[in-house]
Colleague: 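The structure under discussion is supplied below as structure tokens; questions concerning it will follow.
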Amino acid sequence: MAANFHLYDKRFHVKQLKGPLAVGLLFLLSLLPLSMARSLGSFIGRRMNQGTGKPARNTRKNIAACFPELDSAGQEALISASLEETGCSMGEMGMSWIWQPERVLGKVTAVQGKEVLDDALAENRGVILIAPHIGNWEVLNLWLSKYYKLTAMYKPPKIKMMDDLIRKKRERIGSQLAPANVKGVRMAVKCLRKNEILGILPDQEPDKSGGIFAPFMGVQAFTMKLLPQLAAQTGAVVVSGYAKRVDGGFELFFHHAEGDINSKDLDEATAAMNQEVEYCVRQVPEQYQWEYRRFSRRPEGDAAFYK
């Protein structure tokens with residue numbers, strides 16, 4: 001009994017330390033200029049590529065499945081570039097969350113397709129923004145928060161201190177966060193009815209009750225139902241957007257979603273949503289989060305994707 005108590009006590013203290021350590025690391029990273037943060041990230045990415053850890057294994061598996069048209073040399077080049085970009089995403093976290101908003105937005109060098117957003121809002125139906133995990137989505141969130149009324153749906157992290165920090169930093173210039181639960185859905189519908197922008201990250205596996213299988217990059221992926229359901233229910237205009245990492249900063253891109261994404265047929269709508277995500281990914285494939293286990297849940301009878 002005493003041994004079990006001490007083990008529990010040790011785990012409790014380790015859990016308590018995770019929040020301060022993570023926040024402290026963010027503040028240290030924030031001291032770096034963007035060029036140095038990216039250089040550090042690139043170094044980390046190269047080290048990941050030399051190892052056999054989960055980021056490298058997942059990236060290799062995902063790229064092999066999603067880019068069968070590339071030969072082995074082409075896949076290896078994309079894997080290497082992707083892991084360096086993954087490292088850059090890590091290196092930029094201090095900038096994204098700790099820097100003053102004006103300093104971050106000063107790194108936005110161009111915006112392509114702003115008229116797509118403005119035209120969508122002019123239809124007075126609300127706008128759902130598909131924001132895939134490409135480049136730096138925190139910069140995208142900050143830019144949208146400055147120039148538009150934005151509600152962003154998110155899944156709260158398990159570490160409360162990190163949750164508090166994320167909420168404070170993402171909401172620091174006017175946007176509001178909606179948790180991925182019933183309360184958040186109500187906030188989302190209200191936002192769209194007020195002809196505002198609702199931002200959703202569409203490419204993470206939902207809970208079992210929250211998704212269906214739909215094709216993504218030629219692979220069946222367990223895909224969220226929430227975004228296409230909201231699109232069908234509200235008739236909102238659907239737009240995709242991402243912040244591409246470029247020399248010296250970021251370029252933002254917006255694109256009017258195509259296909260049957262507002263369809264009441266859920267199979268059609270989720271397939272159209274994934275097709276729009278794929279469109280964005282193919283514009284800048286090395287900056288997509290290929291280290292994520294996107295295909296963990298498999299259709300009944302399929303073998304495990306990650307081993």
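We number each residue from 1, following the sequence as shown. Every value quoted in this text rests on a predicted model; they were computed, and no experiment measured them.
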Colleague: R38 and G248: which non-hydrogen atoms are nearest, and at how many Å?
Modeller: NH1-N, 3.8 Å
Colleague: Kindly compute the distance separating CZ (R60) from OG (S82), expressed to the nearest 0.5 Å.
Modeller: 10.5 Å
Colleague: Got more than 12 heavy atoms from elsewhere within 6.0 Å of CD, E69?
Modeller: yes
Colleague: Thinking salt bridges, do K114 and E251 make one under a 4.0 Å N-O criterion?
Modeller: no
Colleague: Report yes or no: do E291 and N58 form a side-chain donor-acceptor pair below 3.5 Å?
Modeller: no
Colleague: So, for A120 and V127, which heavy atoms are closest and what is the spacing to 0.1 Å?
Modeller: CB-CG2, 3.6 Å
Colleague: Taking the side chain as every heavy atom from C-beta outward, state whether F254 and L140 have any pair of such atoms under 4.5 Å apart.
Modeller: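 Yes, their side chains come closer than 4.5 Å.
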Colleague: Are L198 and M187 side-chain neighbours, meaning at least one heavy-atom pair lies under 4.5 Å?
Modeller: no
Colleague: Tell me, do E286 and E84 make a side-chain contact under 4.5 Å, heavy atoms counted?
Modeller: no
Colleague: Looking at K190 and E196, is there a salt bridge between them, counting it only when a charged N and a carboxylate O are closer than 4.0 Å?
Modeller: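 Result for this pair is no, no salt bridge flagged.
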Colleague: Which atom pair, heavy atoms only, marks the closest approach of L70 to Q75?
Modeller: O-NE2, 3.5 Å
Colleague: Do the side chains of C88 and R245 get nearer than 4.5 Å, heavy atoms only?
Modeller: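 In contact.
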Colleague: Any side-chain heavy atom of R294 sitting closer than 4.5 Å to one from F305?
Modeller: no
Colleague: Nearest 0.5 angstrom please: E276 CD to L227 CG, how far?
Modeller: 10.5 Å
Colleague: Report the relative orientation of the aromatic rings in Y148 and W143; use parallel for angles under 30°, tilted for 30 to 60°, perpendicular for over 60°.
Modeller: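 Geometry flag for W143 against Y148: tilted rings.
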Colleague: How about H255 and V239: do any of their side-chain heavy atoms sit closer than 4.5 Å?
Modeller: no
Colleague: Are the side chains of P285 and L78 in contact, using a 4.5 Å heavy-atom criterion?
Modeller: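 A side-chain contact under 4.5 Å exists here.
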Colleague: With no hydrogens and no angle check, do the side chains of S89 and N136 hold a donor and an acceptor under 3.5 Å apart?
Modeller: no
Colleague: Between F253 and Y242, what is the ring plane arrangement, given parallel below 30°, perpendicular above 60°, and tilted in between?
Modeller: parallel
Colleague: What distance separates T270 OG1 from F222 CZ, expressed to the nearest 0.5 Å?
Modeller: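 CZ of F222 is found 10.5 Å from OG1 of T270.
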Colleague: Do F67 and W290 have ring centroids that are under 6.0 Å from one another?
Modeller: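 Centroid distance W290-F67: below 6.0 Å, so yes.
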Colleague: Indicate, with yes or no, if the rings of H133 and Y292 have centres closer together than 6.0 Å.
Modeller: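 Not under 6.0 Å, so no.
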Colleague: So, R125 versus N262: side-chain donor-acceptor pair below 3.5 Å or not?
Modeller: no
Colleague: Quick one: CD on E123 to CG on D118, what's the gap to the nearest 0.5 Å?
Modeller: 12.0 Å
Colleague: Please find the pair of heavy atoms, one from A271 and one from A214, that lie closest to each other, and give the distance.
Modeller: N-CB, 4.1 Å
Colleague: Does one side chain, of N141 or Y154, offer a donor that lies under 3.5 Å from an acceptor on the other?
Modeller: no
